[in-house]
Amino acid sequence: MTEETHGGSEGGIPELPTFFDLLPIDKHTEIFGLSMQHELVPIMMSMLIIMFLGVFSMVATRNLKKIPVGLQAFLEIVVEALDNFVKSVLGKLSDKFLPFIGSLFLYILIMNLIGQIPGFHSPTTSYNTTLALTLLVFIATQYYGLKHNGPVKYFKHMLGEPKWMAPMQFPLHLLQEYLTRPLSLSVRLFGNLMGQHTVLAIFIGFSPLLLGLIPIPIQFPFVLLDMLLATLQAFIFAFLASFYIAGAIGEKDL
Amino acid sequence: MIYFAGLAIGVAMLAFASLGCGIGQGIAVSGAATAIARQPELFGKIQIIMFIGLGFIEALAIYSLVLSFILMGRLPATEAVLKILGAH
């Protein structure tokens, strides 16, 4: 791997350059103990996406009309699709969780897709971002599970259904609730995105030059695959988040 | 040296994760195709279930990819290995 394909990463994993690399700042500078290369770029990109989503929603819903046109019509399609999706999992509680699950889906979707624009960087290729998102889902799951069922019923649910099997099921449930689910949720999103972007970076580094000048985009098939998988991963994350919350509340109350 | 050789073989063996992943995805897609052929009116629902399942199966291969990237960082550079081999 040559220095050009690296974009300055130390771990040996090739990364595409971002527009932060054009700024006259040393890549190894530390601000508040966060290194420029690995922590600050994802944070800046996340902030950019949050601002974009917020401003976009505000502009689109500034003067609401009875018969929607333009951006409002587009957003209504999106929100309606998300509403149907959340309703299919959470039933009559869907109105309460639509803002959480919907914004989670849109945020992750934009974060996954923004890496395809040259100069930008997907924050989800950093494990910190996906771990933070997973912690949100984890806290929401535990909070609503405790709130809807009360501590006693929550504990009973942990013990499993045939009560004489409780000594075996209780540790397994604990492991599943507190370790396996958050870990698999975060590593799934992080691994998919990091794998895709690393493959892209490697193929861009290998791309041959036509007449020594014009690069041939041999990474193009992977771009299409990436866009499909990025959407799919955002959908799976949102689906699993709603599924875990539904499981914590209990099927009878939905 | 034996340690690094074992590590390199381990990294290479991680590629076998895609073997099982491919078999699993093939079974999933074949099941979905059969179901759609029987009941074409359920196309949308079956497609969503298939894609979610494919995403789950795909994650298993991705775990091994992440692991291989982590382990690859532990491997020495080619020049260093060649230097040691040349010295012997």
Side-chain angles (χ1 to χ4, degrees), chain A residues 1-3 6 9-15 38 81-82 84-86 88-89 105 108 112 124-127 130-131 134 180-181 183-202 222 225-226 228-243, chain B residues 3-4 7-8 10-22 24-26 28-29 31-33 35-36 39 41-82:
Chain A
M1 288 166 206
T2 52
E3 190 56 43
H6 263 214
S9 79
E10 301 95 22
I13 299 169
E15 274 178 21
H38 290 294
L82 283 172
N84 281 334
F85 159 63
V86 178
S88 71
V89 182
F105 172 76
I108 295 175
N112 289 351
T124 32
T125 55
S126 154
Y127 188 58
T130 59
L131 191 63
T134 307
T180 323
R181 277 180 168 183
L183 196 70
S184 68
L185 197 60
S186 57
V187 172
R188 180 179 296 118
L189 186 60
F190 158 70
N192 268 291
L193 267 292
M194 194 205 63
Q196 288 166 18
H197 286 257
T198 309
V199 167
L200 273 188
I202 290 172
F222 294 100
L225 190 70
D226 282 10
L228 174 71
L229 284 181
T231 321
L232 190 63
Q233 287 307 316
F235 180 71
I236 285 178
F237 194 96
F239 173 77
L240 280 179
S242 52
F243 183 73
Chain B
Y3 166 73
F4 285 123
L7 200 58
V11 171
M13 290 285 270
L14 279 174
F16 278 102
S18 12
L19 177 75
C21 189
Q25 289 203 337
V29 175
I36 291 169
Q39 279 176 315
E41 67 270 16
L42 287 178
F43 180 75
K45 274 189 178 173
I46 293 169
Q47 200 183 28
I48 288 173
I49 293 170
M50 184 188 79
F51 270 119
I52 292 171
L54 286 188
F56 281 126
I57 300 167
E58 188 104 341
L60 297 175
I62 296 292
Y63 291 154
S64 78
L65 180 77
V66 172
L67 211 62
S68 75
F69 275 128
I70 294 169
L71 290 179
M72 239 151 70
R74 303 280 181 279
L75 282 173
T78 316
E79 292 84 30
V81 176
L82 285 179

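Each chain gets a letter, A, B and so on, in the order its sequence line appears, and its residues count up from 1.
Using the six-membered ring where Trp is involved, A:Phe190 and A:Tyr127 have ring planes that are perpendicular, over 60° apart on the 30 and 60° scheme. By the 30° and 60° cut-offs, the orientation of the rings of A:Phe105 relative to A:Phe235 is perpendicular.
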Exercise. Stepwise, does the side chain to side chain contact (heavy atoms under 4.5 Å, CB included) test hold for A:Gln233 with A:Ile108?
Worked result: CA-CA 9 Å; A:Gln233 287 307 316; A:Ile108 295 175; over 6 Å; no
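In this structure, chain B has heavy atoms under 4.5 Å from both the backbone and the side chain of A:Ser184. Contacts of A:Leu189 with chain B are absent, with no heavy-atom separation under 4.5 Å from either backbone or side chain.
The heavy-atom pair separating A:Asn112 from A:Thr124 by the smallest distance is OD1-OG1, 2.9 Å. Heavy atoms only, all atoms of each residue included: B:Ile62 and A:Asn192 are closest at CG2-N, 3.2 Å. In terms of heavy atoms, B:Ala61 sits closest to B:Ala17 at CA-CB, 4.4 Å.
A:Phe243 CZ: 12 or fewer foreign heavy atoms inside a 6.0 Å radius.
Residues from residues 44-55 of chain B that place a non-hydrogen atom less than 4.5 Å from a non-hydrogen atom of chain A comprise B:Ile48, B:Phe51, B:Ile52, B:Gly55, given in numerical order.
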